[in-house]
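Scroll down for the structure; my scribbles are underneath it.
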There are 2 protein chains.
Amino acid sequence: MISATQSNHPLSGVIKPGESPLETACGHLRQARMRITKPRIAIIEALLQREAPVAIEQLHQELQRHQCDLVTVYRCLAAFEDIGIVRRSFQHNGTSLYELTLGAQPKHYHVACKACGRTDRVDYFPVEGPERMLAERGYTQITHIVEFFGLCPACSKKHARNAAPAIPATRL
Amino acid sequence: MISATQSNHPLSGVIKPGESPLETACGHLRQARMRITKPRIAIIEALLQREAPVAIEQLHQELQRHQCDLVTVYRCLAAFEDIGIVRRSFQHNGTSLYELTLGAQPKHYHVACKACGRTDRVDYFPVEGPERMLAERGYTQITHIVEFFGLCPACSKKHARNAAPAIPATRL
DNA sequence: TTTTGTGCAAACTTTTTGCAGATTG
DNA sequence: CAATCTGCAAAAAGTTTGCACAAAA
């Protein structure tokens with residue numbers, strides 16, 4: 001269900017031939033007249049090593065060897081989002097997750113377990129239609145988030161054992 | 001673009017004939033073995049008066065005459081979400097919005113302006129497919145969020161005047 | 001050398017928790 | 001009456017801001 005094949009990677013198809021993803025990202029920075037700094041490279045490299053969206057705090061921990069301040073991570077991710085090389089999504093508690101896209105549409109979405117936080121993939125489905133309509137209405141810099149939440153199979157079993165059955169939140 | 005016709009209301013079709021939306025909500029509470037209290041009724045009534053998702057803080061302000069504590073609003077909305085009568089969505093800054101659904105699927109989604117926060121509607125598109133797949137995988141209590149973000153037409157114009165053109169965040 | 005970015009500290013906002021007293025069924 | 005909910009106060013978590021110094025172009 002979770003594979004790491006190159007063809008499935010969110011960035012396949014975005015990076016130009018003969019160019020590393022990092023170089024592509026730097027190109028985006030240059031076009032936006034942003035400087036290429038050590039912390040930014042470290043953050044991009046950390047993002048490159050992941051397929052699923054990462055929490056800021058976790059990203060910061062993985063960056064410890066680079067001595068990158070948490071505030072810098074916040075500022076860089078916000079800047080990256082502004083220029084569209086990073087995509088923000090949300091956890092069920094409202095905190096942010098980031099993943100590197102380099103401008104590409106996502107190849108899949110995610111489902112996050114409300115109880116244990118584990119994430120898994122959900123097949124991509126196109127939202128170009130609604131986005132095009134917004135563009136026609138005059139909106140710019142359009143992005144979207146799609147997130148699924150639920151109790152994962154493991155937590156569902158625990159939950160059923162412990163809690164008294166209430167109204168099923170979602171009936172399919 | 002934003003209409004308040006009854007047929008378009010998110011709750012049309014959910015409330016049983018001869019039953020007010022409030023009564024329906026109370027039924028949900030009872031089934032979940034939750035108590036029907038003054039603050040909860042006030043919150044439900046406040047939600048009923050809105051079509052678009054509301055921020056917690058704003059909801060609290062509209063509840064001032066009911067002397068309902070902000071903490072209670074948080075707790076009630078979380079409980080309402082657990083039993084599925086309320087749907088949570090997010091603003092671009094990560095804060096939560098809530099709307100009453102009484103268990104119904106949404107009739108539309110929203111687009112929020114990153115600059116001024118204004119929200120508007122986006123046509124609903126079905127996500128039953130992915131949700132059914134998750135159910136087959138063993139997930140329970142499945143919900144989803146779909147949010148669009150962008151610069152609204154007005155803010156787009158201002159933005160174009162002020163800022164130097166960077167990489168377009170989204171190309172359609 | 002000029003502009004932009006970073007680190008540190010502190011402030012701020014939003015959300016959560018503990019507990020005594022009030023309310024519901 | 002017993003279980004649940006509320007309000008208050010305080011804490012925690014997450015995020016933003018100001019400013020002096022550092023680094024990039």
Side-chain angles (χ1 to χ4, degrees), chain A residues 22 25-44 46 53-61 63-83 85-86 88-98 114-115 117 163-164 166, chain B residues 25-44 46 53-61 63-83 86 88-98 114-115 117 163-164 166:
Chain A
L22 178 59
C26 289
H28 283 265
L29 291 186
R30 266 187 289 266
Q31 280 186 60
R33 298 187 191 91
M34 287 169 59
R35 295 190 172 167
I36 291 156
T37 65
K38 241 181 288 180
R40 285 177 181 174
I41 291 174
I43 290 168
I44 291 167
V54 213
I56 289 186
E57 188 61 50
Q58 191 176 355
L59 202 55
H60 178 235
Q61 281 174 22
L63 253 39
Q64 273 182 346
R65 68 194 62 187
H66 295 279
Q67 303 261 53
C68 178
D69 195 89
L70 178 61
V71 175
T72 300
V73 182
Y74 271 98
R75 286 197 267 227
C76 288
L77 289 175
F80 291 171
E81 191 190 8
D82 280 344
I83 66 172
I85 65 173
V86 133
R88 170 142 69 136
S89 53
F90 296 95
Q91 288 181 292
H92 196 249
N93 62 13
T95 61
S96 301
L97 302 177
Y98 288 88
K114 292 180 197 176
Chain B
C26 289
H28 284 265
L29 291 186
R30 264 187 289 266
Q31 278 186 61
R33 298 187 191 92
M34 286 168 60
R35 294 191 171 165
I36 291 157
T37 65
K38 241 181 286 178
R40 286 179 180 171
I41 290 175
I43 291 168
I44 291 167
V54 213
I56 288 186
E57 188 61 51
Q58 191 177 353
L59 201 55
H60 178 235
Q61 281 174 23
L63 253 39
Q64 273 182 348
R65 68 194 62 186
H66 294 282
Q67 302 262 54
C68 178
D69 195 89
L70 179 60
V71 175
T72 300
V73 182
Y74 272 97
R75 288 196 266 227
C76 288
L77 288 175
F80 291 172
E81 191 190 8
D82 280 344
I83 65 171
V86 134
R88 172 145 67 138
S89 53
F90 297 95
Q91 287 182 291
H92 195 248
N93 62 12
T95 61
S96 301
L97 302 177
Y98 288 86
K114 293 181 199 177

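Letters A, B, ... mirror the listed sequences (proteins, then strands); counts begin at 1.
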Does B:Tyr74 make a side-chain N or O approach to OP1 or OP2 of C:dT15 shorter than 4.0 Å?
-> yes
Do A:Leu70 and A:Ile56 have side-chain heavy atoms sitting under 4.5 Å apart?
-> yes
Ranking A:Val73 and B:Glu57 by the position along DNA chain C of their nearest nucleotide, the one closer to 5' is A:Val73
Euclidean distance, atom CG of residue B:Leu59 to atom P of C:dT15 [Å, nearest integer] = 12 Å
Taken to the nearest whole Å, CD/A:Gln64 to P/C:dG7 is 13 Å
Counting side-chain heavy atoms from CB outward, which of C:dT6, C:dG7, C:dT15 is closest to A:Arg40?
-> C:dT6
Quick one: CG on A:Asp82 to CG on A:Leu77, what's the gap to the nearest 0.5 Å?
-> 11.0 Å
Each nucleotide of nucleotides 17-25 of chain D classed B (base within 4.0 Å of a protein heavy atom), S (only sugar-phosphate) or -, in 5' to 3' order, makes BB----BBS
Going by heavy atoms in the side chains, are A:Val71 and A:Arg75 under 4.5 Å from each other?
-> yes
Whole-Å distance between D:dC5 P and B:Leu70 CG?
-> 18 Å
For B:Ser89, all residues meeting side chain to side chain donor-acceptor pair (under 3.5 Å), sequence neighbours excluded = B:Glu147
Could you pull out the closest heavy-atom pair between B:Pro53 and B:Leu97, with the gap in Å?
-> CB-CB, 3.5 Å
A:Ile41 and A:Ile36 have their tightest heavy-atom pair at CD1-CG2, 3.6 Å
Atom pair distance, as rounded to whole Å: CG in A:Leu63 and C1' in C:dG7 = 14 Å
Base, sugar-phosphate, or nothing: which does B:Gln67 touch, judged by heavy atoms less than 4.0 Å apart?
-> sugar-phosphate
Degree of bending, the helix from C:dT1-D:dA25 to C:dG25-D:dC1 (end axes from five pairs; round to 10°) | 50°
Protein-nucleotide distance (B:His60, atom NE2; C:dT15, atom C1'), rounded to Å | 14 Å
Starting from C1' on C:dT24, measure out to CD1 on B:Ile41 and report it in whole angstrom.
-> 11 Å
Close side-chain approach of B:Phe80 to B:Leu29, heavy-atom, < 4.5 Å | yes
Report yes if the side chains of B:Thr72 and B:His60 come closer than 4.5 Å at any heavy-atom pair, otherwise no.
-> no
Polar side-chain atom of A:Arg88 near backbone of A:Ser96 as donor-acceptor pair, under 3.5 Å | no
Return the value, rounded to whole Å, for the distance between atom CG of B:Asp69 and atom P of C:dA20.
-> 18 Å
Rounded to the Å, how far apart are B:Gln61 CD and C:dT14 C1'?
-> 14 Å
